[in-house]
Each structure stands twice: as structure tokens, then as C-alpha cells.
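Written out below as C-alpha cells is the structure these notes cover.
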Amino acid sequence: MTTEQPYPAAAARHSRTTARPGPLRPQQTPQDDLHRKPNWPGALATAFGLSAAAVAFVADWGFLGWPLAGIGLAAGITGIVLASKGSMRGLGIALTGTVLSALAALLCGAMALYPSMFGTARAGELHIPPQSGEKHTVDFVVSSAGGATVRYGTLNDQRTAESPPSTDDWHGHGSFNGGTPILSLTADTANAGVTNQITCQILVDGKKVAENSGTSIALCTANVG
């Protein structure tokens with residue numbers, strides 16, 4: 001009786017899974033980066049941001065810092081978008097210009113709200129009583145023999161005083177360092193039942209810029225600069 005020897009089991013063949021290749025993306029090389037356009041919006045943003053910060057400290061011209069900072073922000077954001085898409089190189093300069101323009105805008109806002117902190121006077125701000133060292137002086141003059149209630153200053157900031165019955169003129173004094181303040185002076189009779197000739201005048205640096213008169217009220221305004 002012959003016993004058949006079993007054949008050894010065939011080794012299992014391992015199936016090899018072949019991954020399907022995905023779409024090939026071109027690798028960016030230094031040569032490709034050189035062929036991309038320079039990030040001129042980022043450079044523009046940097047220039048406008050620095051200009052806005054510098055102009056903010058210039059008396060009477062600080063208001064120009066706002067549009068300069070706004071243009072810088074717009075240019076910087078444009079540069080960031082174009083650099084992110086690969087259309088331009090120089091993402092760093094675009095980020096720098098955006099940050100500088102944003103800081104310049106914050107600086108302009110802080111100087112407008114708190115000018116004394118930076119040692120600058122707000123353009124067109126009238127000081128009553130006058131401050132020493134400012135460029136222009138203002139003299140508010142009222143003539144009223146029967147007396148009058150006087151309101152003087154600017155359209156947004158006024159003081160109230162009483163001009164007593166007298167043949168002498170009443171004077172109120174102020175000063176400003178620049179800008180174009182709108183000066184205002186109103187005098188009306190203290191007794192509405194009495195006819196009273198009132199005259200008002202505004203003088204800037206000794207030069208008359210407004211004058212008016214009336215029987216019960218006188219109003220003077222002047223836009224100076």
C-alpha cells in the first residue's frame with residue numbers, strides 16, 4: 001500500500017495594491033519665484049503707512065494722515081491677497097505695509113482725541129482764556145450802553161458772560177494755533193423791553209474780521225485761518 005505524500009501548500013501570494021497617482025502639482029522653484037512680479041502694492045502700503053505716521057505730527061496737516069493710512073491699508077490687503085494666490089512674490093512686505101498703515105491710522109485717531117498727550121494742538125481749536133505761544137490772538141468786542149448777555153467762542157464751544165451797562169467796550173480774549181476755526185459772537189439785550197443799541201466785533205491778530213450791530217441783538221461770525 002503506497003501512501004501519497006501531500007504536497008506542501010503553496011505560499012499565499014500577497015496582492016500588491018497600487019495607489020492611483022493624484023494630479024501632479026508643479027513644485028515652486030527659486031527660478032519660478034523670480035519670474036513672479038514684485039509685490040508693488042505691499043511696497044506702496046509701506047510708503048503710505050510711513051507717510052501717514054509722519055504727517056500726523058505736522059501741525060495743520062495732520063488730517064491728511066487718515067486718507068494716507070486708508071490707501072495704505074487697501075494696498076497692503078491687496079498685496080497680501082495677490083501674494084497668497086501666487087501672482088506676486090513678497091508676502092512679507094505686504095504684511096509690513098498693512099501693519100504700518102493700521103498703526104498710522106490708530107496714531108491719527110489718538111492724536112485727534114488726545115492732542116495734548118503728543119504735544120500738538122488740534123487744528124482750529126480756540127482756547128479761552130488765551131494760551132501763550134500760540135500763533136493767533138482773538139479779541140471779542142461788545143459795545144452796549146444798556147448791558148447785554150454775551151456768548152462767544154466757536155460754533156461748537158462757547159462761553160457766556162455779562163456785559164454791564166457802560167459806555168466802555170466789553171472784551172473777551174482767546175487764541176488758536178492753526179486751522180480754520182469758525183468764530184462766533186452773539187450779544188443780546190438783558191432787558192427785552194428796552195431798546196438798546198448793541199455792536200459786536202471780532203478781531204484776529206488786531207485785524208477786524210467781523211462786525212455787526214442791532215437794536216436788541218448783534219451777531220458776528222468769521223471763518224478765519
Side-chain angles (χ1 to χ4, degrees), residues 52-69 104-225:
V55 170
F57 288 94
V58 180
D60 301 337
W61 295 97
F63 65 94
L64 292 178
W66 291 103
L68 290 175
L106 292 175
L107 176 64
C108 292
M111 294 186 69
L113 293 175
Y114 309 103
S116 59
M117 292 179 59
F118 298 89
T120 60
R122 185 182 302 174
E125 183 177 12
L126 179 68
H127 297 109
I128 300 174
Q131 295 184 359
S132 61
E134 294 200 311
K135 298 178 181 178
H136 306 286
T137 60
V138 182
D139 187 10
F140 300 93
V141 184
V142 173
S143 175
S144 173
T149 300
V150 181
R151 287 175 290 274
Y152 64 105
T154 63
L155 292 179
N156 299 323
D157 184 15
Q158 294 189 350
R159 307 291 190 276
T160 302
E162 294 293 331
S163 172
S166 175
T167 56
D168 297 330
D169 293 337
W170 174 92
H171 292 266
H173 300 283
S175 66
F176 65 99
N177 202 39
T180 56
I182 301 178
L183 305 176
S184 175
L185 171 61
T186 304
D188 57 81
T189 183
N191 189 346
V194 177
T195 301
N196 185 17
Q197 186 68 25
I198 303 174
T199 301
C200 67
Q201 298 179 13
I202 300 177
L203 291 83
V204 176
D205 298 332
K207 181 181 178 180
K208 188 186 301 181
V209 295
E211 183 178 16
N212 200 358
S213 60
T215 56
S216 59
I217 186 171
L219 172 62
C220 293
T221 58
N223 190 349
V224 298

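All values derive from a computational prediction rather than experimental measurement.
- Between Thr154 and Ile182, every side-chain heavy-atom pair lies at or beyond the 4.5 Å cut-off.
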Derivation and outcome, side chain to side chain contact (heavy atoms under 4.5 Å, CB included), residues Ile202 and Phe140
CA-CA 5 Å; Ile202 300 177; Phe140 300 93; 4.0 Å; yes

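- Scanning all heavy atoms of the two residues, the minimum distance from Ala222 to Val209 falls at CB-CG2, 3.7 Å.
- Leu185 contributes atom CG, which lies 7.0 Å from atom CH2 of Trp170 (distance to the nearest 0.5 angstrom).
- In terms of heavy atoms, Ile198 sits closest to Ile217 at CD1-N, 4.1 Å.
- Atom CD of Glu125 and atom CG of Asn156 lie 11.0 Å apart (nearest 0.5 Å).
- Between Glu211 and Val141, every side-chain heavy-atom pair lies at or beyond the 4.5 Å cut-off.
- Of the options Glu134, His127, Gln131, a side-chain hydrogen bond (donor to acceptor under 3.5 Å, both in side chains) to Ser175 is made by Glu134 and by none of the others.
- Of all non-hydrogen atoms in Ile128 and Gly153, the two that sit nearest each other are CD1-CA, 3.9 Å.
- Heavy atoms only, all atoms of each residue included: Gly65 and Val55 are closest at N-CG1, 4.1 Å.
- Residues Leu183 and Leu126 have side chains in contact (heavy-atom distance under 4.5 Å, counting atoms from C-beta outward).
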Test log, rule side chain to side chain contact (heavy atoms under 4.5 Å, CB included), inputs Gln201 and Cys220:
CA-CA 7 Å; Gln201 298 179 13; Cys220 293; 5.7 Å; no

Show the numbers, then the answer: is there a side chain to side chain contact (heavy atoms under 4.5 Å, CB included) between Tyr152 and Val138?
CA-CA 11 Å; Tyr152 64 105; Val138 182; over 6 Å; no

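- Remark: of the listed residues Lys208, His171, Lys207, His171 is the sole one forming a side-chain hydrogen bond (donor to acceptor under 3.5 Å, both in side chains) with Asp139.
- Between His173 and Pro129, the closest side-chain pair of non-hydrogen atoms is not below 4.5 Å.
- In terms of heavy-atom proximity, Ala56 sits nearest to Cys108 at CB-SG, 3.8 Å.
- In terms of heavy atoms, Gly133 sits closest to Asn177 at O-OD1, 4.3 Å.
- Judged purely by distance below 3.5 Å, without hydrogens or angles, the side chains of Glu162 and Thr149 pair a donor atom with an acceptor atom.
- With hydrogens and angles ignored, the 3.5 Å screen pairs no side-chain donor or acceptor of Asn212 with any backbone N or O of Ala218.
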Could you go through Val204 and Phe176, starting from their C-alpha distance and side-chain angles, then the distance that decides it, and tell me whether this counts as side chain to side chain contact (heavy atoms under 4.5 Å, CB included)?
CA-CA 10 Å; Val204 176; Phe176 65 99; 4.2 Å; yes

Would you check, one step at a time, whether the test salt bridge (charged side-chain N to carboxylate O under 4.0 Å, His left out) holds for Asp205 with Lys135?
CA-CA 9 Å; Asp205 298 332; Lys135 298 178 181 178; over 6 Å; no

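- Counting only heavy atoms from C-beta outward, the side chains of Ser216 and Asp188 never approach each other to under 4.5 Å.
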